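The structure presented is a predicted model; accordingly, all values stated were derived computationally and were not measured.
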Amino acid sequence: MTDESSAAPRPTLEAVAARAGVSRATVSRVVNGDAGVREVLAVKVRRAVDELGYVPNRAARSLVTRRHDAVAVVIAEPETRVFADPFFALQLRGISKELTAQDVQLVLLLTEGRDDHERVGRYLAGGHVDGALVFSLHLDDPLPGIIRRAGVPTVFGGRPGWSDPVSGGPGAPYVDCDNRGGAREAVRHLVRLGRGRVAHITGPLDQTSAVDRLDGFRDVLADADPRLIVEGDFTPAGGERAMRRLLDVCPDVDAVFAANDLSASGALRVLRERGRRVPDDVAVIGFDDMLPVAEQVDPPLTTVRQDIEGMGRLMARMLLRGRGEGPAASPTGVVLPTSLVRRASA
């Protein structure tokens, strides 16, 4: 049998207008958040909406406004990495807060291989979203070109490393932190502590954040022994591998600047296994200040703080402004400051 209540027609704008005693146009303006409706009438409309359980038809509204009230968040990493790394959770939380405040839906798209890139391109080109927020790109990633061809407004998380300004070069809107300056501050702190064999565990060097942090290290220690620089991958396992190699090749290392907190956590585990005291024998500094990591490792981690959640919110705000929610999105990048947070590891 058919449930009569489930078959009941959904309330219409006309029904809301009749209940509130106003015109259909007035209801439409209130529902869409337009200005110019007297507050006494707006209150009547909102009360009628609540009483009738009216839900705006977003599909119909998008035909008029040419907006879908949805934004794609594209992360160029496999899901195993995204859901294991607190960095992505913090950035998504910032994005989600900003989009929710503007009543905009977040659509999460992850990429792991060529098929995923093609799927994301088809989705973006299909007119489902008003724009895209894209981060964790690698230098050989085809996503910037795919997004350019899809024709959707885009804000990048992290400084793009491509020469074509349309597909993610210097002219593309982006939000980043001062990776190079933060790295310089970390290494200078280690030097001030009197450490003479300072090593660096990098991130993946096909990402601009890792390159910038390596450049910051070299700004302070231009003549560092090349064996003291070991490439990692922003994961705890990568930090472990790099730390083992450092201790095998340069057993006299007395300080480590790791390109992120997860790498630093891996390095700390290896140092403990090898009987090295932190910070007495080896001082360790990370980058990010992700509290679930930095405050829970042993000892608590000295690290460079970037406002990860705030960066996510700013990315979303820039994109929404670019679609008419306010001043146009910046045509260039925004670089947020970093600061050194001192704890027990250095």
Taking it one step at a time, do R241 and D233 satisfy salt bridge (Lys or Arg N to Asp or Glu O under 4.0 Å)?
CA-CA 10 Å; R241 288 191 298 269; D233 60 5; 3.1 Å; yes
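- Under a 3.5 Å cut-off, the side chain of R343 and the backbone N or O of P300 do not form any donor-acceptor pair.
- For the pair D178 and R184, the salt-bridge criterion is not met [side-chain N within less than 4.0 Å of a carboxylate O].
- Taking the side chain as every heavy atom from C-beta outward, T202 and F217 never approach each other to under 4.5 Å.
- Note: the hydrophobic cluster containing V82 also contains V71 (ILVMFWY, side chain heavy atoms under 4.5 Å, direct or indirect links).
- When atom types are taken as modelled, the side chain of E309 and the backbone of R93 share no donor-acceptor pair closer than 3.5 angstrom.
- Counting heavy-atom neighbours within 6.0 Å of R342 CZ, excluding the residue itself, gives a total of 12 or less.
- Residues R188 and D219 are not paired through a salt bridge, judged by the lack of any N-O separation under 4.0 Å between the basic side chain and the carboxylate.
- Of all heavy-atom pairs between V293 and S265, the closest is CG1-CB, 4.2 Å.
- Under the side chain to side chain contact (heavy atoms under 4.5 Å, CB included) rule, F135 has a single partner from M315, E77, M311, which is M315.
- Using a 4.5 Å heavy-atom threshold, the side chains of L262 and F87 count as separate.
- At distances below 3.5 Å, not a single donor-acceptor pair connects side-chain atoms of S96 with backbone N or O atoms of L92.
- Here ring pair (Phe, Tyr, Trp, His ring centres under 6.0 Å) pairs that include residues 257-283, with residues two or more places apart or in two chains, are H200-F257.
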Between D248 and R245, does a salt bridge (Lys or Arg N to Asp or Glu O under 4.0 Å) hold up when you go through it step by step?
CA-CA 5 Å; D248 290 343; R245 180 177 172 187; over 6 Å; no
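- When side chains are defined from C-beta on, L246 counts as touching I201, because their heavy atoms get closer than 4.5 Å.
- In this structure, CG on L99 lies 11.0 Å from CZ on R317, to the nearest 0.5 angstrom.
- Salt-bridge check for D50 with R47: failed, with every basic side-chain N at 4.0 Å or more from each acidic carboxylate O.
- Side-chain contact between M318 and L314: present, with at least one pair of heavy atoms (C-beta onward) separated by less than 4.5 Å.
- Contact annotation: the side chain of L143 approaches that of H117 to within less than 4.5 Å [non-hydrogen atoms, C-beta and beyond].
- Counting heavy atoms from C-beta on, the side chains of R274 and M243 never come closer than 4.5 Å.
- Within the 4.5 Å cutoff, the side chain of R269 has heavy atoms near those of the P236 side chain.
- Heavy-atom minimum distance, A294 versus D289: CB-OD1, 3.9 Å.
- Distance CZ/R24 to OG1/T12: 8.0 Å, rounded to 0.5 Å.
- Hydrophobic clustering of Ile, Leu, Val, Met, Phe, Trp and Tyr side chains at less than 4.5 Å, counting indirect connections, keeps L271 apart from L190.
- Without hydrogens or angle criteria, S345 side chain to V284 main chain gives a donor-acceptor distance under 3.5 Å.
- Rounded to the nearest 0.5 Å, atoms CG (L319) and CZ (F156) are 11.0 Å apart.
- The distance from the CG atom of D130 to the CD atom of Q105 is 12.0 Å, given to the nearest 0.5 Å.
- In summary, D281 and R276 do not engage in a salt bridge, as defined by a charged side-chain N under 4.0 Å from a carboxylate O.
- The pair R46-E39 meets the salt-bridge criterion, with a side-chain N (NZ, NE, NH1 or NH2) lying under 4.0 Å from an Asp/Glu carboxylate O.
- To the nearest 0.5 Å, the span separating CD1 on I75 from CZ on R81 amounts to 10.0 Å.
- The main-chain N or O of R159 is found under 3.5 Å from a side-chain atom of D176 such that the two form a donor-acceptor pair.
- Using a 4.0 Å cut-off between a side-chain N of Lys or Arg and a carboxylate O of Asp or Glu, R197 and D225 qualify as a salt bridge.
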Using the side-chain contact (heavy atoms from CB on, under 4.5 Å) rule, take N260 and R213 through it: C-alpha gap first, then chi angles, then the decisive distance, then the call.
CA-CA 10 Å; N260 75 337; R213 292 170 197 180; 4.3 Å; yes
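- V22 and V43 are not part of a single hydrophobic cluster, where members link through side-chain heavy atoms under 4.5 Å apart.
- Transitive grouping of hydrophobic side chains (ILVMFWY, heavy atoms separated by less than 4.5 Å) brings V304 and V187 into a common cluster.
- Cluster membership for V230 and V220, using ILVMFWY side-chain heavy atoms within less than 4.5 angstrom, is not shared.
- Proximity of a side-chain donor or acceptor of D261 to a complementary backbone N or O of F287 within less than 3.5 Å is detected.
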Might you work through the side-chain contact (heavy atoms from CB on, under 4.5 Å) test for D298 and L268, ending with a clear yes or no?
CA-CA 8 Å; D298 182 24; L268 287 171; over 6 Å; no
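- Note that OG1 of T111 and CD1 of I146 are 8.5 Å apart. Values are rounded to the nearest 0.5 Å.
- Without hydrogens or angle criteria, R195 side chain to D254 main chain gives a donor-acceptor distance under 3.5 Å.
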Please lay out, stage by stage, how T302 and L340 fare under the test side-chain contact (heavy atoms from CB on, under 4.5 Å).
CA-CA 7 Å; T302 295; L340 184 68; 4.1 Å; yes
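- E51 CD: more than 12 foreign heavy atoms inside a 6.0 Å radius.
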In sequence, state the C-alpha distance, the side-chain angles, and the governing distance for N179 and D215, and then conclude on side-chain contact (heavy atoms from CB on, under 4.5 Å).
CA-CA 9 Å; N179 291 294; D215 286 343; over 6 Å; no
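- Residues F234 and S136 form no side-chain contact, since every pair of their non-hydrogen atoms from C-beta on lies 4.5 Å or further apart.
- T338 and G182 get closest at one heavy-atom pair: OG1-CA, 3.3 Å.
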